[in-house]
Each structure stands twice: as C-alpha cells, then as structure tokens.
Protein chains: 2
Amino acid sequence: MTARTESPDGVGSECAAVSQRIGVAARACGVTTRTLRYWQEIGLLLPSGMSEGGERLYGDEDVKRAARIKELQELLGFSLSEIRVVLETEDILDRVRSAYRADMRPARQLELLSEAIEANDTLLARLDDTLARVRAFRRERAQKADRLRARVAELESEMARGRRRAK
Amino acid sequence: MTARTESPDGVGSECAAVSQRIGVAARACGVTTRTLRYWQEIGLLLPSGMSEGGERLYGDEDVKRAARIKELQELLGFSLSEIRVVLETEDILDRVRSAYRADMRPARQLELLSEAIEANDTLLARLDDTLARVRAFRRERAQKADRLRARVAELESEMARGRRRAK
DNA sequence: CCATACCTTCACGTTAACGTCAAAGAATCC
DNA sequence: GGATTCTTTGACGTTAACGTGAAGGTATGG
C-alpha cells in the first residue's frame, strides 16, 4: 500500500529502508536479533519477507510494530500475550479494509468488527483505569516531594541557627 | 504511631485487624501466602511482628504496603527491584522524621533527604513520561474505535441497500 | 484433649522472555 | 576470491517471581 519494492523511478539505491536485514532492524527498534526471532517464533511479529538465501527481511512497518511491542512491554508491563491481543485488534481493521476483495461476507466482516470493537473498548477501559491510577500515584509522589523539600528547608534553617549561636 | 495494640478502651475485641496472620493478610491484599513470604525473603516487605510461636504477624500498614506493591507491579509493570527503590524512597521520610532521636547528625539527614528527593524526582519524571505515552496511546485507540464503528455503520447501510434491492 | 485448620521451613518445579553459544550457510568488501 | 561480517537453525542456560508439595510445629473450636 505504501511503497513498492520495485523502485518506481530508475535511480535505484534510493528505495530507502523498506526491507532491512535482522541486525539493522533490531538496532532500529532497540531490541536484539534474538528477540525478533523469538517474537517470530511465537507468532507475534512475522518478518514481511525473506531473501532467497533464507534471511529474514523486515520492512518499515515491521520495525514500527516491533517498536510498538517494546513500548507496550516497557510502558505498561504488558505480557507478550496481552500485546498479541492488542495487535490483533489493530490488525482487524486493516484486514477488514483490505477485504475489498470481498470474498468475505459482510456478515462475517461485521462479526470480526464487533469482536475488534469489544477488545478495543476493553483496552480503552484498562487505559483509563491506568491513567487514573497513575495520576493518583503521581499526586502522592508530588506531595511527598513537597514534604521532603520542606523538611530540608527546616533542617537547613535549624543548622543555620546552630551556626549563628556557635559564633 | 497510629493505634496501639493495647486496646485503649476496656471493651476489647475491638482492636481491629492491627495484627493478622499471614493467610488473612494475604487475602486482604489479594496475593498468596507464598508471595508474602517471598517478599519477605527478598527484604521487600517484613512483617511487623512475630507471634511467640514463630508465626508472621502483619499489621494494617504491612497490608497497605503489600497492596501498594501489587499495584505497582500490575499497574506499571515495575519489577520488584524497581518497587524496592520506590518504597525505600517512601521510607526515608519516615525514618528522617523519626530521627527525632537525633542520634543522626543533621548533615547525614540532609544527605538521606537529597538522595530521596533525587529518587523521587526520577520517579516523577518516569510517571510523567508514562502518563504522556499512555495518553497518546489512548488517543490512538479512541480514534481506532471511531473508525471501527464508522466501518460498521458503512457495512450496515450497505447491507440494508442490498436487502432493499433484493426485495 | 484432640481434631482440624493454619502455620513453619526447606526444596524442587514452572513460566515467560529471552541470553548465549556452536556449527554452518549467506553477504559484502577489497 | 578470500577474509570478514552477518545470518541461520538448533539447543541449552538464565532470571524473576513465584507455585507446589513434604514434613512437621501451632492455634483453636467443641
């Protein structure tokens, strides 16, 4: 849909990084090659191509997806199976859209969509909950910061008094 | 500091759950007894008392602390060692406060405090980052929800047209 | 006082998510 | 075209955070 591999203009060599080998892709999204292979192993991120030599080739979208996976992991502590659900929900829209090739009955499409909607709403609810809790937590810590600094000021003025008296 | 174990009034039996056995405490904060023992093992949550028979006794604050630990785990995916840092920072204020028993030099107190402040600020920054990312993510998913529902509407009207024509 | 439920300390098992090597096949540079 | 670098597929190791008994002490209601 985005860019073809064919290099539409004849210039060549300008096709950008539409298809990178695993090492480059890994560095691009901040994980190891082992991780990318593992994600493939469990069906979480399939490289969109293979070289004839049998090497994995990752497109830009793959790299984006990898980065997204990593973010969900680190940001919210999602497990890979949770992430799988999120991403599958994401994929559904694309699949339904590209079901222009309407070999899929509209009824079936609706089914898929309502599934995706439910999953998405569940996720949204979870995100809202998370937001609320993190905000509460943040407030707490901000207050604690205030108290800490107040205590520091108190101590410092105390020490200053001590010094003045000792003089 | 809060409630003494002595039951100040003579009524008795009203001392509340200031000191519970491990099973009750575990249920109270939604973890297993094994988990509480593990958290003690790694020094994350020490039961505030022991019965003469050698059983762990958890006070209300312990239970709160346990609940906090669980929240940090599930909410933000913190590891127990990250949580340890957070809680230690939390403890410092209490310790410095109860350093009324000023066997601790004010200079040392200041040192502790600035350590705590730094750790706390780090945490705050992390929380802010998390908040920003989660919000961004939420926006994305909300938009996705809109698109999904739009596509449903589209499909439904399409099907309705189909039915009218077939009639 | 005794049955039952709860607790103790080992100690080994488990799961997720990779890390780490080995042996051998591609790709690339000069 | 040979050396160097990258990649492949196994296969075993590792770490965190517990789960799951076993063997035996403790608390408690009838």
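Proteins come first, then strands; the chains are lettered A, B, ... in the order of their sequence lines, and each starts at number 1.
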Between side-chain atoms of residues 36-49 of chain B and protein atoms elsewhere (two or more places apart, or another chain), which donor-acceptor pairs fall under 3.5 Å?
unit_1   : atom_1 : unit_2   : atom_2 : d
Gln40(B) : OE1    : Arg56(B) : NH1    : 2.5
Ser48(B) : OG     : Asp62(B) : OD2    : 2.8

What contact category does Ser51(A) fall into here, base, sugar-phosphate, or nothing, at under 4.0 angstrom with non-hydrogen atoms? sugar-phosphate

Holding to side chain to side chain contact (heavy atoms under 4.5 Å, CB included), I want the full list of residues that pass it with Ala28(A), two or more places apart in sequence or in another chain. Gln20(A), Val63(A)

Provide, to the nearest angstrom, the distance between the CD atom belonging to Glu52(B) and the C1' atom belonging to dT8(C). 15 Å

The residue, Glu55(A) or Ile42(A), whose nearest nucleotide of DNA chain C is more 5′ is Ile42(A)

Set of residues satisfying side chain to side chain contact (heavy atoms under 4.5 Å, CB included) with respect to Asp129(B), sequence neighbours excluded: Arg133(B)

Under 3.5 Å donor-acceptor, Lys144(A) side chain and Asn120(B) backbone: no

What is the separation between atom CG on Leu44(B) and atom C1' on dA16(D), rounded to the nearest whole Å? 13 Å

Once side chain to side chain donor-acceptor pair (under 3.5 Å) is applied, do any residues pair with Ser51(B), and if so which ones, sequence neighbours excluded? none

Using atom names, set out every protein N or O paired with an N or O of nucleotides 28-30 of chain C below 3.5 Å, distance rounded to 0.1 Å.
none

Pairing residues for Arg108(B) by the side chain to side chain contact (heavy atoms under 4.5 Å, CB included) criterion, not counting sequence neighbours: Met104(B), Arg105(B), Glu111(B), Leu112(B)

dA17(D) P sits how many Å from Glu41(B) CD, rounded? 12 Å

How many whole angstroms separate atom CD of Glu74(B) from atom C1' of dA16(D)? 16 Å

Using a 4.0 Å heavy-atom cut-off, does Ser79(B) contact any base of the nucleic acid, only the sugar-phosphate backbone, or nothing at all? sugar-phosphate

Taking CG from Leu57(B) and P from dA27(D), how many angstroms apart are they, rounded to a whole number? 10 Å

Quick one: which protein N/O atoms are closer than 3.5 Å to N/O atoms of nucleotides 18-20 of chain C? Pair and distance per line, please.
unit_1  : atom_1 : unit_2   : atom_2 : d
dC18(C) : OP2    : Trp39(A) : NE1    : 3.2
dC18(C) : OP2    : Gln73(A) : NE2    : 2.9
dG19(C) : OP2    : Thr32(A) : OG1    : 2.8
dG19(C) : N7     : Arg34(A) : NE     : 3.2
dG19(C) : O6     : Arg34(A) : NH2    : 3.0
dT20(C) : O4     : Arg34(A) : NE     : 3.2

Starting from C1' on dG10(D), measure out to CD on Gln40(A) and report it in whole angstrom. 14 Å

Is the Lys NZ or Arg CZ of Arg84(B) less than 6.0 Å from the centre of Phe78(B)'s six-membered ring, within 45° of the axis? no

Nearest-Å distance, OH (Tyr58(B)) to C1' (dT8(C))? 12 Å

Contacts of Glu154(A) meeting side chain to side chain donor-acceptor pair (under 3.5 Å) (sequence neighbours excluded), chain-then-number -> Arg151(A)

Where each residue is assigned the nucleotide of DNA chain D containing its nearest heavy atom, which of Phe78(B) and Gly53(A) is assigned the position nearer the 5′ end? Gly53(A)

CZ of Arg37(B) versus C1' of dA11(C): gap in Å, rounded? 14 Å

Counterpart residues, side chain to side chain contact (heavy atoms under 4.5 Å, CB included), relative to Ser79(B) (two or more places apart): Ser81(B), Glu82(B)

